[in-house]
Number of protein chains: 2
Amino acid sequence: MSKATRMTKQKRVILDILRSTQNHPSADWVYEQAKKIVPDISLGTVYRNLNVLRDSGEIIELNYGSTYSRYDGRNENHYHFYCEKCSKLVDVSIPVYEGLDKMVQDTTGFEVRHHRMEFYGLCNECKEMKAKRA
Amino acid sequence: MSKATRMTKQKRVILDILRSTQNHPSADWVYEQAKKIVPDISLGTVYRNLNVLRDSGEIIELNYGSTYSRYDGRNENHYHFYCEKCSKLVDVSIPVYEGLDKMVQDTTGFEVRHHRMEFYGLCNECKEMKAKRA
DNA sequence: CTAGGTGCAAACCGTTTGCAACGGG
DNA sequence: CCCGTTGCAAACGGTTTGCACCTAG
(Lines give C-alpha, C1' and ligand atoms only; values in the text may rest on other atoms or scores of the structure.)
Protein backbone atom coordinates (compact mmCIF):
# COMPACT_ATOMS: atom_id res chain seq x y z
CA MET A 1 0.00 0.00 0.00
CA SER A 2 2.35 2.68 1.22
CA LYS A 3 5.05 3.64 -1.20
CA ALA A 4 8.47 2.08 -0.94
CA THR A 5 11.08 4.36 0.52
CA ARG A 6 14.79 4.37 -0.13
CA MET A 7 17.53 5.34 2.25
CA THR A 8 19.65 7.61 0.12
CA LYS A 9 22.78 9.22 1.41
CA GLN A 10 21.03 12.60 1.28
CA LYS A 11 18.21 11.45 3.54
CA ARG A 12 20.68 9.76 5.88
CA VAL A 13 22.73 12.94 6.20
CA ILE A 14 19.69 15.13 6.82
CA LEU A 15 18.41 12.85 9.53
CA ASP A 16 21.84 12.65 11.15
CA ILE A 17 22.10 16.43 11.23
CA LEU A 18 18.72 16.79 12.89
CA ARG A 19 19.38 14.04 15.40
CA SER A 20 22.67 15.54 16.46
CA THR A 21 21.65 19.11 17.20
CA GLN A 22 19.88 20.60 20.15
CA ASN A 23 18.78 23.51 18.04
CA HIS A 24 15.64 23.58 15.99
CA PRO A 25 17.06 24.53 12.65
CA SER A 26 15.45 25.88 9.52
CA ALA A 27 15.52 23.99 6.24
CA ASP A 28 18.17 26.40 5.05
CA TRP A 29 20.47 25.72 7.99
CA VAL A 30 20.10 21.99 7.43
CA TYR A 31 20.96 22.60 3.79
CA GLU A 32 24.13 24.49 4.71
CA GLN A 33 25.24 21.71 7.05
CA ALA A 34 24.37 18.98 4.57
CA LYS A 35 26.45 20.64 1.87
CA LYS A 36 29.53 20.08 4.01
CA ILE A 37 29.01 16.34 3.63
CA VAL A 38 27.22 16.07 0.30
CA PRO A 39 28.49 19.14 -1.54
CA ASP A 40 26.13 19.00 -4.49
CA ILE A 41 22.94 18.40 -2.51
CA SER A 42 20.16 20.75 -3.53
CA LEU A 43 17.81 22.77 -1.38
CA GLY A 44 14.85 21.10 -3.07
CA THR A 45 16.11 17.72 -1.93
CA VAL A 46 16.43 18.96 1.61
CA TYR A 47 12.83 20.13 1.56
CA ARG A 48 11.64 16.90 -0.02
CA ASN A 49 13.37 14.79 2.59
CA LEU A 50 12.25 16.95 5.47
CA ASN A 51 8.67 16.42 4.29
CA VAL A 52 9.19 12.67 3.91
CA LEU A 53 10.71 12.41 7.38
CA ARG A 54 7.94 14.51 8.85
CA ASP A 55 5.24 12.40 7.17
CA SER A 56 6.80 9.21 8.46
CA GLY A 57 6.90 10.67 11.96
CA GLU A 58 10.67 10.60 12.32
CA ILE A 59 10.98 14.32 12.85
CA ILE A 60 8.63 17.14 13.84
CA GLU A 61 7.97 20.27 11.84
CA LEU A 62 7.57 23.38 13.98
CA ASN A 63 5.77 25.99 11.98
CA TYR A 64 4.57 28.64 14.36
CA GLY A 65 5.86 32.00 15.41
CA SER A 66 7.79 32.65 12.26
CA THR A 67 7.57 32.80 8.51
CA TYR A 68 9.58 29.65 8.03
CA SER A 69 9.50 26.18 9.55
CA ARG A 70 11.96 24.74 12.01
CA TYR A 71 12.61 21.05 12.40
CA ASP A 72 13.08 18.93 15.48
CA GLY A 73 14.93 15.60 15.34
CA ARG A 74 13.16 14.28 18.43
CA ASN A 75 9.87 12.63 17.71
CA GLU A 76 8.51 12.04 21.19
CA ASN A 77 6.10 14.78 22.12
CA HIS A 78 7.55 17.64 24.14
CA TYR A 79 6.91 21.34 24.50
CA HIS A 80 8.77 24.37 23.22
CA PHE A 81 9.64 27.88 24.25
CA TYR A 82 9.94 30.59 21.62
CA CYS A 83 11.73 33.85 22.36
CA GLU A 84 9.69 36.68 20.92
CA LYS A 85 12.77 38.87 20.69
CA CYS A 86 15.53 36.71 19.17
CA SER A 87 13.41 33.87 17.76
CA LYS A 88 15.36 31.26 19.68
CA LEU A 89 13.45 28.01 20.05
CA VAL A 90 14.25 25.62 22.89
CA ASP A 91 12.80 22.46 24.37
CA VAL A 92 10.86 22.78 27.61
CA SER A 93 11.37 19.90 29.97
CA ILE A 94 8.08 19.77 31.78
CA PRO A 95 6.12 16.53 31.49
CA VAL A 96 3.74 16.11 28.59
CA TYR A 97 0.16 15.90 29.78
CA GLU A 98 -1.03 12.94 27.75
CA GLY A 99 -4.33 13.03 29.56
CA LEU A 100 -5.24 16.27 27.85
CA ASP A 101 -5.88 14.49 24.56
CA LYS A 102 -8.46 12.27 26.20
CA MET A 103 -10.04 15.21 27.98
CA VAL A 104 -10.49 17.13 24.76
CA GLN A 105 -11.70 14.01 23.00
CA ASP A 106 -14.40 13.58 25.62
CA THR A 107 -15.32 17.26 25.55
CA THR A 108 -15.50 17.64 21.77
CA GLY A 109 -16.20 14.15 20.47
CA PHE A 110 -13.33 14.56 18.02
CA GLU A 111 -10.63 11.98 17.52
CA VAL A 112 -7.68 13.64 19.24
CA ARG A 113 -4.32 12.21 18.26
CA HIS A 114 -1.83 14.59 19.81
CA HIS A 115 -1.32 18.14 20.93
CA ARG A 116 1.32 20.80 20.93
CA MET A 117 2.14 23.51 23.38
CA GLU A 118 4.41 26.47 22.97
CA PHE A 119 5.40 29.07 25.52
CA TYR A 120 6.27 32.60 24.45
CA GLY A 121 8.28 35.30 26.12
CA LEU A 122 11.89 36.37 26.57
CA CYS A 123 14.88 34.04 26.91
CA ASN A 124 17.58 34.78 29.47
CA GLU A 125 19.79 36.80 27.13
CA CYS A 126 16.94 39.00 25.91
CA LYS A 127 15.57 39.37 29.41
CA GLU A 128 18.91 40.72 30.60
CA MET A 129 19.28 43.05 27.66
CA LYS A 130 15.90 44.47 28.46
CA ALA A 131 16.85 44.94 32.12
CA LYS A 132 20.06 46.70 31.18
CA ARG A 133 18.30 49.03 28.80
CA ALA A 134 15.83 50.10 31.49
CA MET B 1 5.75 57.23 22.15
CA SER B 2 3.65 54.68 20.36
CA LYS B 3 2.41 55.76 16.97
CA ALA B 4 -1.01 57.31 16.62
CA THR B 5 -3.58 55.00 15.12
CA ARG B 6 -6.63 55.92 13.11
CA MET B 7 -9.91 54.10 13.03
CA THR B 8 -10.55 53.92 9.31
CA LYS B 9 -13.63 52.32 7.92
CA GLN B 10 -11.48 49.50 6.54
CA LYS B 11 -10.10 48.65 9.95
CA ARG B 12 -13.53 48.90 11.52
CA VAL B 13 -15.00 46.49 8.97
CA ILE B 14 -12.19 43.96 9.33
CA LEU B 15 -12.51 43.93 13.09
CA ASP B 16 -16.30 43.57 12.87
CA ILE B 17 -15.96 40.60 10.55
CA LEU B 18 -13.57 38.84 12.87
CA ARG B 19 -15.63 39.57 15.95
CA SER B 20 -18.78 38.20 14.40
CA THR B 21 -17.61 34.82 13.18
CA GLN B 22 -16.98 31.60 15.04
CA ASN B 23 -14.68 30.45 12.29
CA HIS B 24 -11.00 31.20 12.17
CA PRO B 25 -10.76 32.68 8.72
CA SER B 26 -7.80 33.30 6.46
CA ALA B 27 -6.83 36.78 5.35
CA ASP B 28 -8.32 35.99 1.97
CA TRP B 29 -11.70 35.07 3.42
CA VAL B 30 -11.73 38.28 5.45
CA TYR B 31 -10.90 40.13 2.25
CA GLU B 32 -13.83 38.55 0.40
CA GLN B 33 -16.21 39.47 3.22
CA ALA B 34 -14.85 42.98 3.54
CA LYS B 35 -15.34 43.61 -0.18
CA LYS B 36 -19.08 43.19 0.31
CA ILE B 37 -19.04 46.26 2.53
CA VAL B 38 -16.09 48.26 1.19
CA PRO B 39 -16.00 47.13 -2.44
CA ASP B 40 -12.68 48.70 -3.36
CA ILE B 41 -10.73 47.54 -0.32
CA SER B 42 -7.45 45.94 -1.27
CA LEU B 43 -5.91 42.72 -0.04
CA GLY B 44 -2.83 44.62 1.07
CA THR B 45 -4.96 46.75 3.34
CA VAL B 46 -6.51 43.67 4.87
CA TYR B 47 -3.08 42.28 5.63
CA ARG B 48 -1.87 45.58 7.01
CA ASN B 49 -4.83 45.89 9.32
CA LEU B 50 -4.67 42.29 10.45
CA ASN B 51 -1.08 42.93 11.46
CA VAL B 52 -1.97 46.15 13.24
CA LEU B 53 -4.80 44.48 15.13
CA ARG B 54 -2.59 41.55 16.03
CA ASP B 55 0.19 43.84 17.28
CA SER B 56 -2.23 45.76 19.44
CA GLY B 57 -3.54 42.51 20.89
CA GLU B 58 -7.09 42.87 19.59
CA ILE B 59 -6.99 39.68 17.57
CA ILE B 60 -4.85 36.54 17.53
CA GLU B 61 -2.94 35.22 14.56
CA LEU B 62 -2.97 31.44 14.31
CA ASN B 63 -0.10 30.37 12.13
CA TYR B 64 0.40 26.67 12.65
CA GLY B 65 -0.67 23.58 10.79
CA SER B 66 -1.01 25.27 7.44
CA THR B 67 0.77 27.38 4.90
CA TYR B 68 -1.32 30.43 5.64
CA SER B 69 -2.43 32.20 8.80
CA ARG B 70 -5.87 32.18 10.31
CA TYR B 71 -7.20 34.93 12.53
CA ASP B 72 -9.24 34.78 15.70
CA GLY B 73 -11.37 37.71 16.83
CA ARG B 74 -11.24 36.60 20.47
CA ASN B 75 -8.26 37.90 22.34
CA GLU B 76 -8.55 36.03 25.64
CA ASN B 77 -6.31 32.98 25.61
CA HIS B 78 -8.00 29.72 24.65
CA TYR B 79 -7.00 26.52 22.93
CA HIS B 80 -7.68 25.20 19.45
CA PHE B 81 -8.35 21.96 17.66
CA TYR B 82 -7.12 21.50 14.10
CA CYS B 83 -8.55 18.76 11.89
CA GLU B 84 -5.67 17.13 10.05
CA LYS B 85 -7.99 16.04 7.27
CA CYS B 86 -10.18 19.03 6.41
CA SER B 87 -8.12 21.80 8.06
CA LYS B 88 -11.08 22.95 10.14
CA LEU B 89 -10.02 24.99 13.16
CA VAL B 90 -12.28 25.23 16.20
CA ASP B 91 -12.08 26.58 19.71
CA VAL B 92 -11.61 24.08 22.52
CA SER B 93 -13.48 24.97 25.66
CA ILE B 94 -11.29 23.50 28.33
CA PRO B 95 -9.91 25.90 30.92
CA VAL B 96 -6.63 27.64 30.18
CA TYR B 97 -3.94 26.56 32.59
CA GLU B 98 -2.48 29.92 33.52
CA GLY B 99 -0.24 28.26 36.07
CA LEU B 100 1.77 26.63 33.32
CA ASP B 101 3.45 29.90 32.44
CA LYS B 102 4.73 30.25 35.98
CA MET B 103 5.86 26.62 36.05
CA VAL B 104 7.89 27.01 32.88
CA GLN B 105 9.22 30.34 34.08
CA ASP B 106 10.50 28.67 37.25
CA THR B 107 11.91 25.71 35.33
CA THR B 108 13.71 27.67 32.63
CA GLY B 109 14.34 31.06 34.16
CA PHE B 110 12.86 32.67 31.07
CA GLU B 111 10.26 35.40 31.19
CA VAL B 112 7.14 33.51 30.10
CA ARG B 113 4.32 35.74 28.91
CA HIS B 114 1.79 33.32 27.48
CA HIS B 115 1.39 29.95 25.86
CA ARG B 116 -0.56 28.27 23.14
CA MET B 117 -1.93 24.80 22.84
CA GLU B 118 -3.34 23.07 19.82
CA PHE B 119 -4.90 19.64 19.56
CA TYR B 120 -4.68 17.66 16.34
CA GLY B 121 -6.79 14.83 15.00
CA LEU B 122 -10.05 14.27 13.14
CA CYS B 123 -13.20 16.31 13.53
CA ASN B 124 -16.59 14.58 13.69
CA GLU B 125 -17.28 14.73 9.96
CA CYS B 126 -13.88 13.37 8.99
CA LYS B 127 -14.05 10.73 11.72
CA GLU B 128 -17.33 9.44 10.28
CA MET B 129 -16.06 9.49 6.73
CA LYS B 130 -13.13 7.41 7.82
CA ALA B 131 -15.42 4.93 9.60
CA LYS B 132 -17.66 4.61 6.55
CA ARG B 133 -14.71 4.03 4.25
CA ALA B 134 -13.41 1.16 6.40
C1' DC C 1 16.46 -3.47 -14.28
C1' DT C 2 13.19 0.01 -12.58
C1' DA C 3 10.79 2.98 -9.91
C1' DG C 4 11.91 6.21 -6.40
C1' DG C 5 15.24 9.99 -5.56
C1' DT C 6 18.11 13.89 -7.13
C1' DG C 7 19.88 18.50 -9.07
C1' DC C 8 18.50 22.35 -11.28
C1' DA C 9 15.77 26.17 -12.01
C1' DA C 10 11.41 27.91 -12.69
C1' DA C 11 6.96 28.31 -10.69
C1' DC C 12 4.02 28.98 -6.75
C1' DC C 13 1.54 31.60 -3.42
C1' DG C 14 0.76 33.87 0.88
C1' DT C 15 2.43 38.09 2.46
C1' DT C 16 4.88 42.50 2.28
C1' DT C 17 6.06 46.92 0.40
C1' DG C 18 7.04 51.39 -2.53
C1' DC C 19 4.49 55.04 -4.11
C1' DA C 20 1.27 58.63 -5.04
C1' DA C 21 -3.30 59.85 -3.69
C1' DC C 22 -6.61 60.01 0.10
C1' DG C 23 -8.96 61.27 4.42
C1' DG C 24 -9.39 61.01 9.74
C1' DG C 25 -8.91 63.86 13.66
C1' DC D 1 -3.58 70.51 7.36
C1' DC D 2 -0.62 66.73 8.33
C1' DC D 3 0.62 62.41 8.58
C1' DG D 4 -1.26 57.81 9.00
C1' DT D 5 -3.75 54.89 5.71
C1' DT D 6 -5.18 53.17 1.25
C1' DG D 7 -5.25 50.96 -3.55
C1' DC D 8 -2.48 49.20 -6.75
C1' DA D 9 0.81 46.23 -8.42
C1' DA D 10 5.27 44.67 -8.19
C1' DA D 11 8.47 42.39 -5.26
C1' DC D 12 9.66 39.07 -1.70
C1' DG D 13 10.96 34.64 0.23
C1' DG D 14 10.12 30.19 1.82
C1' DT D 15 8.56 26.07 -0.32
C1' DT D 16 7.12 23.17 -4.15
C1' DT D 17 7.53 21.08 -8.60
C1' DG D 18 8.52 19.49 -13.71
C1' DC D 19 11.96 17.26 -15.98
C1' DA D 20 15.77 14.49 -17.38
C1' DC D 21 19.30 11.97 -15.18
C1' DC D 22 20.82 8.95 -11.45
C1' DT D 23 20.99 5.12 -8.12
C1' DA D 24 19.40 1.94 -4.32
C1' DG D 25 17.58 -2.43 -3.85
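In what follows, chains are A, B, ... by sequence order, proteins preceding strands, each numbered from 1. Since we're looking at a predicted model, the values are computed, not measured.
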N/O donor-acceptor pairs under 3.5 Å from side chains in residues 110-119 of chain B, not counting sequence neighbours:
residue	atom	partner	partner atom	Å
B:Glu111	OE2	B:Arg113	NE	3.3
B:Arg113	NH1	A:Glu84	OE1	3.1
B:His114	NE2	A:Glu84	OE2	2.8
B:His115	ND1	B:Asp101	OD1	2.8
B:His115	NE2	B:Tyr79	OH	2.7
B:Arg116	NH1	B:Glu61	O	3.3
B:Arg116	NH2	B:Glu61	O	3.0
B:Glu118	OE1	B:Tyr120	OH	3.4

Report the residue (B:Gln10 or A:Ser69) whose heavy-atom-nearest nucleotide on DNA chain D is the more 5′ of the two.
B:Gln10
Rounded to the nearest angstrom, tell me the gap between atom CG in B:Leu62 and atom C1' in C:dT15.
17 Å
Apart from A:Leu15 itself, what residues make up its hydrophobic cluster, given side-chain heavy atom links below 4.5 Å?
A:Val13, A:Ile14, A:Ile17, A:Leu18, A:Trp29, A:Val30, A:Tyr31, A:Ile37, A:Val38, A:Ile41, A:Leu43, A:Val46, A:Tyr47, A:Leu50, A:Leu53, A:Ile59, A:Tyr71
Whole angstrom value for the distance that separates P of D:dT15 from CG of A:Asn49
15 Å
Atom pairs under 3.5 Å: protein N/O with N/O of nucleotides 17-19 of chain C:
residue	atom	partner	partner atom	Å
C:dG18	O6	B:Arg48	NH1	3.3

Locate the shortest heavy-atom distance separating A:Cys86 from A:Cys123; write the atom from each residue and the value.
SG-SG, 3.9 Å
Rounded to whole Å, how long is the line connecting atom OH of A:Tyr68 with atom C1' of C:dT15?
16 Å
When you check the phosphate oxygens OP1 and OP2 of C:dT15, does a side-chain N or O of B:Asn51 lie under 4.0 Å from one of them?
no
Among side-chain atoms of B:Arg54 and B:Asn51, is any donor-acceptor pair under 3.5 angstrom?
yes
Has A:Asn63 got a side-chain N or O lying under 4.0 Å from the OP1 or OP2 atom of D:dT15?
no
Treating B:Lys85 as the side-chain partner and B:Glu125 as the backbone partner, does any N or O pair qualify as donor plus acceptor under 3.5 Å?
no
Taking all heavy atoms of B:Tyr82 and all of B:Ser87, pick out the closest pair and write down the distance.
OH-OG, 3.3 Å
When you measure from the side chain of B:Asn75 to the backbone of B:Gly57, do you find a donor-acceptor pair of N or O atoms at a distance under 3.5 Å?
yes
Considering all heavy atoms of both residues, which atom of A:Asp72 and which atom of A:His80 are nearest to each other, and what is their separation?
OD2-NE2, 2.9 Å
Distance-minimising heavy-atom pair for B:Ile60 and B:Glu76:
CD1-O, 4.2 Å
Heavy atoms within less than 4.0 Å of DNA chain D: which residues of residues 21-29 of chain B have one? Give them sorted by number.
none
Nucleotide by nucleotide, nucleotides 20-25 of chain C touches protein heavy atoms under 4.0 Å in the pattern (B base, S sugar-phosphate only, - none) ---BBS
Can you figure out which of C:dG7, C:dT16, D:dG7 approaches the side chain of A:Asp40 most closely?
C:dG7
A:Ile94 with A:Met103, same ILVMFWY side-chain cluster at under 4.5 Å:
yes
So do B:Asp91 and B:His24 actually touch side chain to side chain, heavy atoms under 4.5 Å?
yes
Determine the minimum heavy-atom distance between B:Ser93 and A:Thr107, stating which atoms define it.
OG-CG2, 4.3 Å
Using C1' atoms of five pairs at each end, report the bend of the helix from C:dC1-D:dG25 to C:dG25-D:dC1 rounded to 10 degrees.
50°
For the student: nearest non-hydrogen atoms of B:Asn63 and A:Ser66, plus distance:
ND2-N, 4.1 Å
